[in-house]
Engineer: 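What follows is a single structure, and I will ask about it in a moment.
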Number of protein chains: 2
Amino acid sequence: MVTLAEVARHAGVSASTVSYVLSGKRSISAPTRERVEHSIKELGYHPNAGARALASSRSNIIALMVPLRTDMYVPVMMEIAIAVATTARSHGYDVLLLTGEEGPAAVRRVTGSGLADAMIVMDVELEDERLPLLHAARQPTVLIGLPADTVGLTCVDLDFTATGALCAEHLAELGHREIAVVGEAPAVYERHTGFAERTLEGLRRRAGELGVRLLHRACEGSYESMDGTLSRIFDERPGTTAFVVQNEAAIDPLLSLLRRQGRAVPEDVSVVAVCPEQVATQASVRLTSVAIPAQEMGRRAVELAVAKLAGGAPEEQVTLLAPELTVRSSSGRAPGAP
Amino acid sequence: MVTLAEVARHAGVSASTVSYVLSGKRSISAPTRERVEHSIKELGYHPNAGARALASSRSNIIALMVPLRTDMYVPVMMEIAIAVATTARSHGYDVLLLTGEEGPAAVRRVTGSGLADAMIVMDVELEDERLPLLHAARQPTVLIGLPADTVGLTCVDLDFTATGALCAEHLAELGHREIAVVGEAPAVYERHTGFAERTLEGLRRRAGELGVRLLHRACEGSYESMDGTLSRIFDERPGTTAFVVQNEAAIDPLLSLLRRQGRAVPEDVSVVAVCPEQVATQASVRLTSVAIPAQEMGRRAVELAVAKLAGGAPEEQVTLLAPELTVRSSSGRAPGAP
DNA sequence: GCCGGGCGTCGAAGCGCTTCGACGACTATG
DNA sequence: CATAGTCGTCGAAGCGCTTCGACGCCCGGC
């Protein structure tokens, strides 16, 4: 274990000089710097993280809280997590992975121990029990997702309301008058994770404005559940000609079951999905979809956190990413439409 | 920021006493302990992670290196990552998330800086470039996956060779004589990640022993690719009556395309998958499958790492988890079989 | 009644780094 | 030519914790 002192001795300078070479916080003459850098390389020196954290009260670590559940939108989460890790590294930070399991206790532990300099919290619920603690902590925090009350918080999320509206518009333009929304699993609504509700709200409002009828049904991501949901939808609204799906796991079952029922996509029914690009392009039909910009969300979250750490960011800031609808092969003019 | 010294003053004891109360490394009388614990609670004290790491040269952090690619077996990885995080917490460790992006440099950085006490590496390639560094590091390391040479390494993995053999046996018993293997994407084989090859090897060997013909084709997880693969398989071996799939993303396309071609599962063709339980039970047909025990792998990896840290584990230890085949509704007797 | 040995507690010495003030050696300025 | 300012470097003081040796104290044994 090479220490800074050994590097200093090897280079014939004092410890503080080595430190300043490393941090660049004071000017160092070129020859000295080179000598020090050479010694560092030659000895294979790596600063000790603990000592550095203790002395500077900065750990250069960003904590990321991911939900414990592995049953939902996993690819999205993973993509966010990886984007967070990658972006954090590019800013000189490492990422500490916390699971929701510990709940608020994890927040307390991390902020209390100085383990991390900032915190990124995923899967925020509308009335999240971690919020009060996050408020109290002097640690910069960024939420991915939107709680009910965003006062004093920094949040990043896809603008799901606009997403819903966008889907409604697209389908209305194509002449559809009866749209069915296949939502997330009931559990998602029960947890009040916000995004599902917001999509629905956007859909409802815009559909209302455009005179389109909307039917919403929650749905698990299995074939059985999709089968039931589908029957109920067509029983209740036989004139349904379009679907909006927000549950990744439900997409394949939906397409598959529609096909089995002899309903062609997009000739008989149109389908618009809210899902990651990859899912949309790899489904059995190339799906018209609004992408969930997971990478972008992760990246933004880190950048906001870093900005807050540098003191250059406003206290409160809600970043809603504008949705983009990509037309592919699953949506077309409504059957009876002109 | 409450410090240990303040707790000590508040409780009327010395700092070392508080430290010993916290660590339990020396006996403390009950009244003193209670007084200290009470002060800790009252002041809301949390030990500073950096100071602790510096003084004890233990960070209580386990580093987890996950592959950067988000294109493959993502749910499995996520499940492993979460199991690692959860298990680590239950042993008093936090988890640092590293992406493969930095490659060997990340290993050097983490081991050099004392950021983590141990390291868990996922997605190990047969001739992984990180291996020499991991060997050199005095940090305990556990690999999830099997490199070509395991000398001196601790590894955890599903026994994919046995998995392949198990699939072959199951299908042979049902009377199938021609089996097609739908493998991972070509990129997986190019990276030499081992597990795909090992499954194939197990399949080949056992199939050979049982007199069953085997055809292997790599396949991307898309419908187009699956479509092509399927045609080529039936062109080459029209008598194929069974499939083994190891690519999660290929499962839905496979089932869907078979159905479209009018081949019933399991009446005309049987399908056996190697995938997480959840995928097997949520597909359009409940799949006979060998589960990938992601949680178990994550848990084991952490436990091995912790054991190594405690000094109670052998240097070299390869843990191969025995595969279990669960018969569901996608496999049945071969059409012509007695 | 005296001595050896636990047991419980304390003081002090670091762990390796950052950072602040100080200080010598220059350069620019009037 | 004296003086103020700048630049590059150093020394020392911690950051908050762990841990080792030391030191009373009280107990039991003879």
Side-chain angles (χ1 to χ4, degrees), chain A residues 1-37 39-40 43-61 92 109-117 138 309, chain B residues 1-37 39-40 43-61 92 109-117 138 309:
Chain A
M1 178 94 279
V2 188
T3 71
L4 183 143
E6 296 175 47
V7 174
R9 201 175 319 127
H10 186 272
V13 297
S14 74
S16 42
T17 301
V18 178
S19 178
Y20 287 123
V21 167
L22 251 32
S23 69
K25 293 194 179 173
R26 283 200 186 175
S27 50
I28 297 286
S29 68
T32 308
R33 186 179 329 113
E34 278 157 28
R35 212 142 31 88
V36 170
E37 277 164 357
S39 297
I40 288 177
L43 300 179
Y45 168 71
H46 282 271
N48 178 301
R52 184 169 264 195
L54 176 57
S56 65
S57 38
R58 286 295 220 100
S59 63
N60 287 307
I61 288 182
R109 195 165 54 81
V110 169
T111 61
S113 67
L115 233 183
D117 295 334
R138 71 222 156 300
L309 281 170
Chain B
M1 180 93 279
V2 188
T3 71
L4 183 143
E6 296 175 47
V7 174
R9 200 175 320 127
H10 186 271
V13 298
S14 75
S16 42
T17 301
V18 178
S19 178
Y20 287 123
V21 167
L22 250 32
S23 70
K25 293 193 179 174
R26 284 200 185 174
S27 50
I28 297 286
S29 68
T32 308
R33 185 177 333 111
E34 278 157 26
R35 211 141 32 87
V36 170
E37 278 163 356
S39 297
I40 288 177
L43 300 179
Y45 168 71
H46 282 269
N48 177 299
R52 185 170 263 196
L54 176 57
S56 64
S57 38
R58 285 295 219 101
S59 64
N60 287 308
I61 288 182
R109 195 165 54 81
V110 170
T111 62
S113 66
L115 234 184
D117 296 334
R138 72 222 154 301
L309 282 170

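In what follows, every chain begins at residue 1, and chains take the letters A, B, ... in the order their sequences are listed. Keep in mind the model is a prediction, meaning the values are calculated, not measured.
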Engineer: Search all heavy atoms of A:Leu22 against all heavy atoms of A:Tyr45 and return the closest pair with its distance.
Structural biologist: CD2-CE2, 3.7 Å
Engineer: Just the rounded figure in Å: distance from C1' of C:dC10 to CZ of B:Arg9.
Structural biologist: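 Spelled out: CZ on B:Arg9 to C1' on C:dC10 is 16 Å.
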Engineer: Please determine if a side-chain N or O atom of A:Ser16 lies less than 4.0 Å away from the OP1 or OP2 oxygen of D:dG11.
Structural biologist: no
Engineer: Does one side chain, of A:Ser19 or A:Ser16, offer a donor that lies under 3.5 Å from an acceptor on the other?
Structural biologist: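 Distance-only check fails for A:Ser19 and A:Ser16.
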Engineer: Rounded to the Å, how far apart are B:Arg26 CZ and D:dG21 C1'?
Structural biologist: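 Taking CZ of B:Arg26 and C1' of D:dG21, I get 8 Å after rounding.
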Engineer: A:Thr17 or B:Leu4: which one's nearest nucleotide on DNA chain D is closer to the 5' end?
Structural biologist: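 The residue mapped nearer the 5' terminus is A:Thr17.
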Engineer: Establish, with yes or no, whether the OP1 or OP2 oxygen of D:dC7 is under 4.0 angstrom from a side-chain nitrogen or oxygen of A:Ser27.
Structural biologist: no
Engineer: Measure from the side-chain heavy atoms of A:Ser14 and tell me the nearest of C:dC15, C:dT19, D:dG11.
Structural biologist: D:dG11
Engineer: Check every atom of D:dC10, C:dG16, D:dG16 against the side chain of A:Asn48 and return the nucleotide holding the closest atom.
Structural biologist: C:dG16
Engineer: Taking atom C1' of D:dT19 as reference, at what distance in whole Å does atom CZ of B:Arg52 sit?
Structural biologist: 13 Å
Engineer: When we call it a touch if two heavy atoms are under 4.0 Å apart, what does A:Ile28 touch: a base, just sugar-phosphate, or nothing?
Structural biologist: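 Answer is sugar-phosphate: A:Ile28 comes under 4.0 Å of backbone atoms only.
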Engineer: In whole Å, I'd like the distance from the CG atom of B:Leu54 to the C1' atom of C:dT18.
Structural biologist: 12 Å
Engineer: Return the 5'-most residue of the pair B:Ser56, B:Tyr20 with respect to DNA chain C, ranking by each residue's nearest nucleotide.
Structural biologist: B:Tyr20
Engineer: Using a cut-off of 4.0 Å on non-hydrogen atoms, how would the nucleic acid contact of A:Ser29 be classed: base, sugar-phosphate, or nothing?
Structural biologist: sugar-phosphate
Engineer: Whole angstroms only, please: what is the NZ-P distance between B:Lys25 and D:dC17?
Structural biologist: 15 Å
Engineer: Which of these nucleotides, C:dC10, D:dC17, C:dC15, is closest to any side-chain atom of B:Tyr45?
Structural biologist: D:dC17
Engineer: In whole Å, I'd like the distance from the CG atom of A:Leu22 to the P atom of C:dG16.
Structural biologist: 16 Å
Engineer: For the pair made of CD in A:Glu6 and P in C:dG16, what is the distance, rounded to whole Å?
Structural biologist: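 Distance check: A:Glu6 CD to C:dG16 P gives 8 Å.
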Engineer: For B:Thr3, report the nucleic acid contact type (base, sugar-phosphate, nothing); a contact means any heavy atom under 4.0 Å.
Structural biologist: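 Sugar-phosphate only.
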Engineer: Tell me the interatomic distance from B:Arg33, atom CZ, to C:dC7, atom C1', rounded to whole angstroms.
Structural biologist: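 Rounded to whole Å, this separation is 13 Å.
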